[in-house]
> 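Pasting a structure here, questions to come.
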There are 2 protein chains.
Amino acid sequence: MDIRIGLADDQQLFLRSLSALISSFPGFSVSAEALNGEEMLLKLRDAEERPHIVLLDVSMPVMDGCMTAERIRISFPEVKTVALSMKQDDDSVLKMLRAGCCAYLLKDIDPHELKWALTQIYSSGYYNAGFIKVNLNRLLLHDQHKQPVITDREREFLKYASSDLTYKQIASKMFLSEKTVDGYREALFSKFNVKSRVGMVLEAVRRDLLRI
Amino acid sequence: MDIRIGLADDQQLFLRSLSALISSFPGFSVSAEALNGEEMLLKLRDAEERPHIVLLDVSMPVMDGCMTAERIRISFPEVKTVALSMKQDDDSVLKMLRAGCCAYLLKDIDPHELKWALTQIYSSGYYNAGFIKVNLNRLLLHDQHKQPVITDREREFLKYASSDLTYKQIASKMFLSEKTVDGYREALFSKFNVKSRVGMVLEAVRRDLLRI
DNA sequence: TTCAAATACCGGAAATTTCCGGGTATCCAA
DNA sequence: TTGGATACCCGGAAATTTCCGGTATTTGAA
């Protein structure tokens with residue numbers, strides 16, 4: 001009996017390619033492909049034979065990897081989820097693990113390691129990539145410290161901040177005083193632990209709060 | 001006789017996956033894989049049977065797609081190059097086409113279209129994805145206006161600029177005077193047509209000069 | 001050899017960003 | 001009803017960024 005894998009990634013070529021790769025592993029088959037989280041949930045709902053393991057891209061349109069993992073955990077608890085991402089920033093890793101993923105893999109993983117990871121997850125329920133293992137304790141310790149909550153206004157401000165506009169111009173676009181947007185700036189600096197507007201914008205991009 | 005394909009992409013999993021996908025196309029085989037441009041050139045040099053077509057990721061470390069395409073065109077003119085990218089901004093497209101690529105494909109292309117494109121390129125020497133066709137005339141008209149050349153020092157400065165460092169700190173890291181880095185800043189502002197450091201960094205990211 | 005481009009440097013001033021302190025009003029949940 | 005989070009506002013000063021004007025040396029290609 002094959003280990004059935006589900007794949008969700010918004011990049012079509014990567015999705016189909018990875019599917020071809022995994023199908024070529026003996027003992028594995030791909031039973032569901034989706035271009036976003038919502039599509040994956042639909043396929044799981046309608047599937048006769050659900051995948052044992054679903055690989056989820058972290059950043060997808062319509063429904064991102066985190067929310068999808070959460071929904072899968074609730075609706076199909078027998079299906080194991082694995083995060084697949086290009087980034088390995090602490091926040092993403094934590095968010096996915098907290099959403100119930102039993103592994104966090106990087107997209108530049110070696111195919112052999114991927115196969116090994118999937119085998120491990122199928123049999124023992126989890127797999128820790130080397131880089132994760134090292135940090136896991138530190139991450140879980142500082143857990144509640146991190147994950148600062150970004151308000152809607154701050155998010156809106158971030159959009160304007162990632163441009164050539166001065167704060168004065170941003171204030172007028174948001175119909176606020178300069179001092180108020182200065183407040184948002186200050187709040188985000190401390191939440192992101194940065195010291196400049198450039199750092200703030202880059203951190204926002206890294207946290208997927210901004211698309212560029 | 002199979003159509004031989006070469007692949008260069010820094011993302012290991014994508015590289016191997018795409019290789020699996022293309023190998024599964026009847027009449028195709030993958031005869032060279034590389035994680036960057038330099039590696040690909042070495043493989044081409046040593047290969048007994050060179051690929052007919054090489055797919056190049058636009059943004060790679062060590063040697064990017066553009067330079068690789070150029071070098072392939074010079075050293076192995078019989079090998080056709082194809083750009084493979086996530087982005088479709090005018091500059092990237094132009095740069096790759098000018099470097100001698102006979103097609104510019106997006107990474108979320110449908111596998112069937114990829115196969116069709118490769119077939120076309122093999123037999124007729126070129127393939128235009130829909131989106132390119134529309135813009136090609138406009139692009140070629142405005143050609144020389146665009147494409148500001150970024151020097152190595154400017155590129156290095158950009159790396160430092162995409163951080164919390166002040167220009168003073170950047171200057172000391174680069175062993176230059178503050179005024180000199182101010183010169184780089186000024187040059188890049190005008191090349192990118194922006195008015196602030198944030199704009200500069202974001203534009204650099206858009207042009208694949210910086211990774212985030 | 002001559003010219004352009006890249007590199008390196010300088011001063012001064014205006015604009016913007018950053019940091020510090022303070023404050024009020026509302027709303028919601030404990 | 002008290003506390004906490006959010007949204008909003010203010011002044012002042014220091015640091016940084018931006019813009020303007022220059023000059024000199026090196027280097028490689030025409």
Side-chain angles (χ1 to χ4, degrees), chain A residues 144-205 207 209-210, chain B residues 64 66-67 70-71 74 95 98-99 143-205 207 209-210:
Chain A
Q144 47 272 48
H145 289 294
K146 320 206 73 172
Q147 267 325 79
V149 184
I150 310 300
T151 67
D152 287 344
R153 291 297 263 180
E154 285 167 350
R155 208 180 300 269
E156 195 188 342
F157 163 71
L158 272 175
K159 248 194 353 243
Y160 290 113
S162 64
S163 74
D164 260 350
L165 298 172
T166 68
Y167 290 137
K168 194 186 292 198
Q169 293 170 317
I170 294 174
S172 94
K173 285 221 176 210
M174 290 178 75
F175 304 106
L176 296 175
S177 89
E178 294 173 51
K179 287 300 176 175
T180 302
V181 308
D182 192 53
Y184 294 135
R185 180 196 58 73
E186 187 111 28
L188 287 169
F189 272 30
S190 87
K191 287 180 186 182
F192 287 174
N193 193 31
V194 294
K195 290 189 298 296
S196 73
R197 179 166 164 181
V198 174
M200 175 181 71
V201 169
L202 290 172
E203 188 59 31
V205 172
R207 299 186 185 210
L209 296 168
L210 280 179
Chain B
D64 71 5
C66 184
M67 184 177 299
E70 198 112 25
R71 298 275 290 271
I74 294 168
K95 234 175 22 182
R98 197 160 330 120
D143 196 350
Q144 46 272 50
H145 290 293
K146 324 205 70 173
Q147 263 329 83
V149 184
I150 310 299
T151 69
D152 287 343
R153 291 297 264 179
E154 285 167 349
R155 209 180 300 269
E156 195 188 342
F157 163 70
L158 272 175
K159 246 195 354 242
Y160 290 113
S162 64
S163 73
D164 260 350
L165 298 172
T166 68
Y167 290 137
K168 192 185 293 194
Q169 293 170 317
I170 294 174
S172 94
K173 285 220 173 208
M174 292 179 75
F175 304 105
L176 295 175
S177 87
E178 293 173 51
K179 286 300 178 177
T180 303
V181 308
D182 192 53
Y184 295 136
R185 179 196 56 75
E186 188 112 26
L188 286 169
F189 273 30
S190 88
K191 288 180 186 182
F192 287 173
N193 193 31
V194 294
K195 290 188 300 295
S196 73
R197 181 167 163 182
V198 175
M200 175 182 71
V201 169
L202 290 172
E203 187 60 30
V205 172
R207 298 185 186 210
L209 297 168
L210 278 180

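Any value given below was found using the heavy atoms of this structure, including those in side chains, with hydrogens, waters and symmetry copies removed. In what follows, chains are A, B, ... by sequence order, proteins preceding strands, each numbered from 1.
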> Among D:dC8, C:dC20, D:dC20, find the nucleotide with the atom closest to the side chain of A:D182.
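Nearest to the side chain of A:D182 among the choices is C:dC20.
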
> Where the side chain of B:K195 is defined as all heavy atoms beyond and including C-beta, which of C:dA8, D:dC8, D:dC19 is the nearest nucleotide?
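Given the options C:dA8, D:dC8, D:dC19, the side chain of B:K195 is closest to D:dC19.
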
> Give a yes/no on whether any side-chain N or O of A:T180 is located under 4.0 angstrom from OP1 or OP2 of D:dA7.
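The answer is no; no side-chain N or O of A:T180 sits under 4.0 Å from OP1 or OP2.
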
> Which nucleotide wins on minimum distance to the side chain of B:K179, given the candidates C:dG11, D:dT18, D:dG12?
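Per side-chain heavy atoms of B:K179, the pick is C:dG11.
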
> Figure out the CZ/P separation between A:R197 and C:dC19, and round it to whole Å.
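Checked: the CZ to P distance equals 14 Å.
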
> Using whole Å, what does the distance between atom P of nucleotide C:dT17 and atom CE of A:M200 come to?
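To the nearest whole Å, that distance equals 10 Å.
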
> Between C:dC19, D:dC19, C:dA8, which nucleotide gets closest to the side-chain atoms of A:E186?
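Nearest to the side-chain atoms of A:E186, counting from C-beta on, is C:dC19.
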
> With nearest nucleotides of DNA chain C determined for A:K168 and A:R185 from heavy-atom distances, which residue corresponds to the more 5′ nucleotide?
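Counting from the 5' end, the first nearest nucleotide belongs to A:K168.
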
> When the distance from CE of A:M174 to C1' of D:dT6 is rounded to whole Å, what number comes out?
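It works out to 13 Å between those atoms.
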
> Touch check for A:Y184, heavy atoms < 4.0 angstrom, all strands: base, sugar-phosphate only, or nothing?
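Since only primed, P, OP1 and OP2 atoms lie under 4.0 Å of A:Y184, the category is sugar-phosphate.
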
> Using atom CZ of B:F175 as one end and atom P of C:dT7 as the other, report the distance to the nearest whole Å.
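That distance rounds to 17 Å.
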
> B:E154 CD to C:dA6 C1': how many Å, rounded?
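So the CD-C1' distance, B:E154 to C:dA6, works out to 9 Å.
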
> Salt-bridged, B:E156 to B:R153, with N to O below 4.0 Å?
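Yes, B:E156 and B:R153 are salt-bridged.
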
> Could you tell me how far apart B:Y167 (OH) and C:dT18 (P) are, to the nearest whole angstrom?
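Spelled out: OH on B:Y167 to P on C:dT18 is 11 Å.
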
> For A:F157 and A:L188, run side chain to side chain contact (heavy atoms under 4.5 Å, CB included): C-alpha distance rounded to whole Å, both residues' side-chain angles, the deciding distance at 0.1 Å, then the answer.
CA-CA 10 Å; A:F157 163 71; A:L188 287 169; 3.5 Å; yes

> Side chain of B:T166, heavy atoms from C-beta onward: which of D:dT17, C:dT17, C:dT18 has the nearest atom to it?
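The listed nucleotide nearest to B:T166's side chain is D:dT17.
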
> Assess whether atom CE of B:M67 is packed by more than 12 heavy atoms of other residues, nucleotides or ligands within 6.0 Å.
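No, the 6.0 Å shell around CE holds no more than 12 heavy atoms from other groups.
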
> CG of B:D164 versus C1' of D:dT17: gap in Å, rounded?
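That distance rounds to 15 Å.
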
> Looking at A:E203 and A:M200, would you say the former's side chain and the latter's main chain have a donor-acceptor pair under 3.5 Å?
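Pair absent, no side-chain N/O of A:E203 close to backbone of A:M200.
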
> For the pair made of CG in A:L165 and C1' in C:dT16, what is the distance, rounded to whole Å?
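After rounding, the reported distance stands at 13 Å.
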
> So does B:D182 pair up with B:R185, basic N to acidic O under 4.0 Å?
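Looking at B:R185 together with B:D182, the answer is yes, because their closest N to O distance falls below 4.0 Å.
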
> Given D:dA7, C:dC20, D:dC9, identify the nucleotide with an atom nearest to the side chain of A:S177.
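So the side chain of A:S177 is nearest to D:dC9.
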
